[in-house]
Amino acid sequence: MNKVLFINLGDDIDIIRMGKLIFSIKTIHPETDISILIYKEYSSVAHCLRNINKTYKIDKTKVKSLQSSPLFCDSFALNEFMSPLRKIKNLKWSYVLNLSHCSISNHLTSYLANQKHIGVCMNRDKSINYSNGWAKVYHEILQVPFRTGLSSIEILHQMIGVDLKTHNNHAQLIFYDETPIANKMLDIRKNHQSPPSSDFKVAGVLIENFFIEDKISLDTIHDFFNISMQRNEFLPILLISSSKHEKDMANRLQNLLSKDIYIFEYNTKTLPTILLHLDFILTSNPLAIAMGDLTETPTIEICLKENVLFNQSSTLEGSIIIEHISHTGAPISSTDLLKACHLIYQKKNIPLNFSRDIMAYKVHHKNNRCEYIPISEHFEAEKELTRFISKDILYLYNDSSRTSLLFSSLYKNLFHKEDLKKWIDKEKNTLSRFLKNLLNCLRLINQARQREDQGKIFVKELDSLLNLAYQNSIFSIPIHIFRANIESIHTSDYDSNINMIEKELFELKKYLQETFKIIDLLAEDNSDLLTHRETHPSNSSPKPILEKTNQNFQENHQDEISLEPTL
């Protein structure tokens, strides 16, 4: 039996999102014993999840208190931090999964993993060790404002080597409390569903701070409630937290409406119960979106922060995402919200005339992938092509066992040939600029090898190359990977560093050329790239990661790494 430890030193949203990953593992490997290591302050959130055998907690508040106290030396804080880790260290783990994006979790993975890890850990020479290519995507590319259309959940599934499983029984995923809230929800549905009709829907509205970035206002929410209650197509219910600000906003909204509305106060414990009795939820709250996935409650996500789009979005089939793409245009309107509600149960992705500054997407599953399909009339073809093809390229580089690509089935339906040709021409021009920087780096690195005083010139040119990673281009992906490889280099002498960087530069050149071949094939016939798989360096089908060993980890960890304090 596999005995697996999840290290998740993230917040409550990260912990809830972990529930879907745990479910997928237990579905494929039901005998797996799963334990988690989290911060104590989020233990109540972790208790909402099923399929966890043991929860280990680090008391971050107490550690920080001891560290900052003038009465105690830092060794007291270190002892408090190590206290739960000593128990975990004595256990033999089949795998340690690092789900966090912090250096602490990287070091803890090295300390606890023995020989097998998934994600990122630190080698003895302080260099970074990635378990596979998807680990680089999760820990590097996902952290920059570059849209690949990949959600963190999808990347984690690929990193571990398990399929993104859907479920029909929410009881297998999350605990919920049959409290008076559940009875009240049932009474609401019974009282308003007269005569009984399967078309009647109950919708939750959970939008924190209605005036965030002026993209949605209290007047918009008022119009949305007013029109919904007049049409009687679905019943909106307002969900608020216990904060005084949200309670005041709810009272203001109630005073504006001619009819009384249902207002529910939620917390982490009661939110799953509420969601289970809703047909869908309209929200901008990442925690509610993550819980919506676990309770299989379709979500209309109002994306108010650009860097969160897709990374933290729902992966539930049929969920809707709407985004305000202009900083100067009109805010999201009640009409846009109502259109999204009408789309939530439509099986066909029919483009609708949302406001011009609104982008809308619908979640669609294909070949074990989660795709975010544009469903609004107005969308930027160039940006969307970059997103779709970037995602396909990441899959092509990291998973040669794919059964199909979406070039022929998706691109032809969404984009005109003129858009595709224009995009390809632009990307080729971008590649020429990238290659110019790259060749300059290769020329200067030879000069730096001969004369150390040329090193500063080379470093400046290398920095210019690395900055290209933040451009919205498919060629930014290999540069992101190159950046991760460069940052993981840790050698003690100048010549070794130069040789390693030169090796990575030639590797980057190879991947840029392979990426060019892909779009060149796309320009020829717009066909499925599966027939051209020889461009990928590896064609072997990967096995589930839970059945693999980490050879790189074993090579770099012949001796046990110790984090024990010396007092």
- prompt: Have N98 and S105 got a donor and an acceptor in their side chains that come within less than 3.5 Å?
  reply: yes

Handout entry: Flag, side chain of H157 to backbone of V162, donor-acceptor distance under 3.5 Å
Key = no

Do E301 and S313 get their side chains close enough for a donor-acceptor pair, meaning under 3.5 Å? yes

- Message: Classify the ring geometry of F310 against Y361: parallel below 30°, tilted from 30° to 60°, perpendicular beyond 60°.
- Response: perpendicular

**Asked** Is I344 close to K201 at the side-chain level, that is, under 4.5 Å between some pair of heavy atoms?
**Response** no

| Strictly by modelled atom types, are N267 and T270 linked by a side-chain donor-acceptor pair under 3.5 Å? | yes

Value for CE (M122) from CG (N129), rounded to nearest 0.5 Å, stands at 9.5 Å

Original post:
Is it true that a side-chain atom of H365 and a backbone atom of T315 form a donor plus acceptor pair closer than 3.5 Å?
Top reply: yes

dist N2:CG -> T32:OG1 (nearest 0.5 Å) comes out at 5.0 Å

**Prompt:** Under 4.5 Å between any side-chain heavy atoms of I15 and M18, yes or no?
**Reply:** yes

Where do E31 and K26 land on the salt bridge (Lys or Arg N to Asp or Glu O under 4.0 Å) test, with the steps shown first? CA-CA 7 Å; E31 76 287 352; K26 292 290 286 187; over 6 Å; no

CD1 (I36) and OG (S43) are apart, to the nearest 0.5 Å, by 9.5 Å

d(K116 NZ, C121 SG) to nearest 0.5 Å is 14.5 Å

| message | Taking I332's backbone N and O only, do any of them form a donor-acceptor pair with D336's side chain (distance below 3.5 Å, no angle check)? | response | no

Exercise. Please confirm whether the backbone N or O of N123 pairs with a side-chain atom of S127, one donor and one acceptor, at under 3.5 Å?
Key: no

**Prompt:** Do side-chain atoms of S83 reach the backbone of N79 as a donor and acceptor pair under 3.5 angstrom?
**Reply:** no

Centroid-centroid distance, H364 to Y372, less than 6.0 Å | no

Check: On the ring face of Y262, is K184 found with NZ or CZ under 6.0 Å from the centre and within 45° of the axis?
Finding: no

side-chain hydrogen bond (donor to acceptor under 3.5 Å, both in side chains) test vs Y130 passes for just one of H117, K136, E140, namely E140

Are S314 and D293 close enough, and set up right, to give a side chain to side chain donor-acceptor pair (under 3.5 Å), and what steps lead you there?
-> CA-CA 6 Å; S314 172; D293 269 20; 2.6 Å; yes

Q.
Treating S131 as the side-chain partner and G119 as the backbone partner, does any N or O pair qualify as donor plus acceptor under 3.5 Å?
A. yes

CD1 of I321 to CD1 of I300, rounded to nearest 0.5 Å, is 11.5 Å

Query raised in the report: So, W134 versus Y395, ring centres under 6.0 angstrom or not?
Result: yes

**Report entry** Side-chain heavy atoms of Y42 within contact of L9, under 4.5 Å
**Finding:** no

K64 meets the side chain to side chain contact (heavy atoms under 4.5 Å, CB included) criterion, sequence neighbours left out, with K60

### Message
What I want to find out is whether E371 reaches K362 closely enough, with some N-O distance under 4.0 Å, to be called a salt bridge.
### Response
no

Rounded to the nearest 0.5 angstrom, the CD1-OH distance for I155 and Y138 is 8.5 Å

Below 4.5 Å, heavy atoms only, C-beta onward: do I261 and P236 meet side chain to side chain?
no

Checklist line | Donor-acceptor contact present, side-chain E246 to main-chain S241, <3.5 Å | finding: yes

| message | Check D392 with R387, please: is the shortest side-chain N to carboxylate O separation under 4.0 Å? | response | no

Do the charged groups of D163 and R369 touch, with an N to O distance under 4.0 Å? no

From the list L206, I188, L271, I240, side-chain contact (heavy atoms from CB on, under 4.5 Å) partner of F264 resolves to I188

Would K391 and E154 count as a salt bridge (Lys or Arg N to Asp or Glu O under 4.0 Å) here? Give the steps. CA-CA 11 Å; K391 183 172 183 177; E154 185 177 356; 3.2 Å; yes

Residues passing the salt bridge (charged side-chain N to carboxylate O under 4.0 Å, His left out) test with K57, sequence neighbours excluded, are none

| Would a distance-only check, ignoring hydrogens and angles, find a side-chain to backbone donor-acceptor pair under 3.5 Å from N8 to L99? | no

Contact between I58 and I38 at the side-chain level, heavy atoms closer than 4.5 Å - yes or no? no

